[in-house]
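For clarity, every value in this text was computed on a predicted model and none was experimentally measured. A note on names: the letters A, B, ... follow the listed sequences, proteins ahead of strands, and every chain is numbered from 1.
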2 protein chains.
Amino acid sequence: MTDVSASGGRTPSRALEQALVDAAERVLVRDGLGGLTVRAVAAEAAVAPMGVYNRFGNKDGLVAAVLARGFEGLRAATAAAEDADPVDRLLTCGRNYRRFALDHPQHYGAMFGAGWAAAVPTEELVDRAGAAFQALVDRVGYAVDRGALRPADPVDTAQLIWSSVHGAVSLELAGLVKTADPAATYEALLQMLLDGLR
Amino acid sequence: MTDVSASGGRTPSRALEQALVDAAERVLVRDGLGGLTVRAVAAEAAVAPMGVYNRFGNKDGLVAAVLARGFEGLRAATAAAEDADPVDRLLTCGRNYRRFALDHPQHYGAMFGAGWAAAVPTEELVDRAGAAFQALVDRVGYAVDRGALRPADPVDTAQLIWSSVHGAVSLELAGLVKTADPAATYEALLQMLLDGLR
DNA sequence: TACTTTACTGGAACAACGTTCTACACCAGG
DNA sequence: CCTGGTGTAGAACGTTGTTCCAGTAAAGTA
């Protein structure tokens, strides 16, 4: 597919691939998931619509590339928590997660909202999500090793944390947080998680 | 709009409205959110596509009616928890919530997945979601009054529970639960909530 | 340098979608 | 039996994802 070493021919300009994903991200942020059309992205990138099909096969391939970037950003945000204190590290991790979602609401919504009903549950995307999850598992293991969390399977514990954090962020993006101060409610959630998993 | 007592004319057959929503639910369950088209629903109901626009204005109005039913089902499932013991009542509540989501995955996905990026954040739907949430608030209040949960604002506490439960169900529907036994992981989540909110 | 292979462009075309328009059928009141 | 508003059936418009086709330009090989 993307085998550049094929005999002869032109180098499949990787620059265009990048330009298309860049353009798709701009369109996604500007016009939302509904405005993310092949023609709009091609126009944004100043490229013929056919370029999308040459590079990504179809529209799903393009949005998969965008979502892959999103998951990488989420993994990076999660892995950026490097405090020495295990509890601080977990708190930073949770706060970075929420900040990423609030800073990239369209990305987050597409990452966890579109995959369900219909499209794009690609193997690669599940792996990308798994990589982000692994960053959390590592931080849970760090805390378990230092006695900050109960000595249970870090995967099980991380799954519980991910569920709660993802749910809180999802409801906040959906405008379904009924409390006065969502930020404070989120902090209370993190504290409750620490209490419940100690 | 739905004023039947309008002078003269034909009875604005409310039966058709019901038939269209029924058909839309069947199509949603059978073909997913992507297959939920105006033409498909009209064909399923053996009605002209224009009927959708006469009854609901546009497609969003129709799916809003479907989602309203979904939220009502979720509220009913939540409110069905009536155990005398406050902890049992909360556990039943949480289990019913998950059962509803797993029994109606397309509904649940559309209810909490589609509203974000683009469509259908209708006032009425937010109210319906609020009604379901209120059933949870009531059960939290019941537990707080009996000392089963810490004496905090029931709305705040219910929001934390809803976040965790919704997140767990969302990830499970998305196929992102990495543990061996999702049901056991969910039970562990409920137990952790009880521990963290005691 | 010249040839070949491939990437990319431009535009037309198709099916399906949401939506609107136009004509026809029904049902109450005069 | 008419007449007016309500609802229906179906054609029609614009946009979407996608494919096809012919032409252009660039990169690798000889």
| Between C:dC26 atom C1' and B:Asn54 atom CG, what is the distance in whole Å? | 14 Å
| task | Nearest whole angstrom, please: distance from the P of D:dG7 to the CG of B:Leu20. | result | 13 Å
| Under 3.5 Å, is there a donor-acceptor pair between the side chain of B:Arg128 and the main chain of B:Phe71? | no
| message | Ring centres under 6.0 Å, that's the criterion: do B:His166 and B:Tyr108 meet it? | response | yes
| query | Can you check whether B:Val87's main-chain N or O pairs, donor with acceptor, with B:Arg146's side chain at less than 3.5 Å? | reply | no
| query | Is it true that a side-chain atom of A:Tyr142 and a backbone atom of A:Glu82 form a donor plus acceptor pair closer than 3.5 Å? | reply | no
| request: Using atom CZ of B:Arg55 as one end and atom C1' of D:dG7 as the other, report the distance to the nearest whole Å. | output: 8 Å
| query | Would you say the side-chain atoms of A:Arg139 pair up with the backbone N or O of A:Ala135, donor to acceptor, closer than 3.5 Å? | reply | yes
| request: Please report, rounded to the nearest Å, how far the C1' atom of D:dT6 is from the CD atom of B:Glu17. | output: 15 Å
| So do the side chains of B:Leu190 and B:Ile161 get within less than 4.5 Å of each other, counting heavy atoms only? | no
Close N/O contacts between protein and nucleotides 10-19 of chain C (under 3.5 Å):
unit_1, atom_1, unit_2, atom_2, d
C:dG18, OP1, B:Lys59, NZ, 2.8
C:dG18, OP2, B:Val38, N, 2.9
C:dG18, N7, B:Arg39, NH1, 2.7
C:dG18, O6, B:Arg39, NH2, 2.9
C:dT19, OP2, B:Tyr53, OH, 3.3
C:dT19, OP2, B:Lys59, N, 2.9
C:dT19, O4, B:Arg39, NH2, 3.4

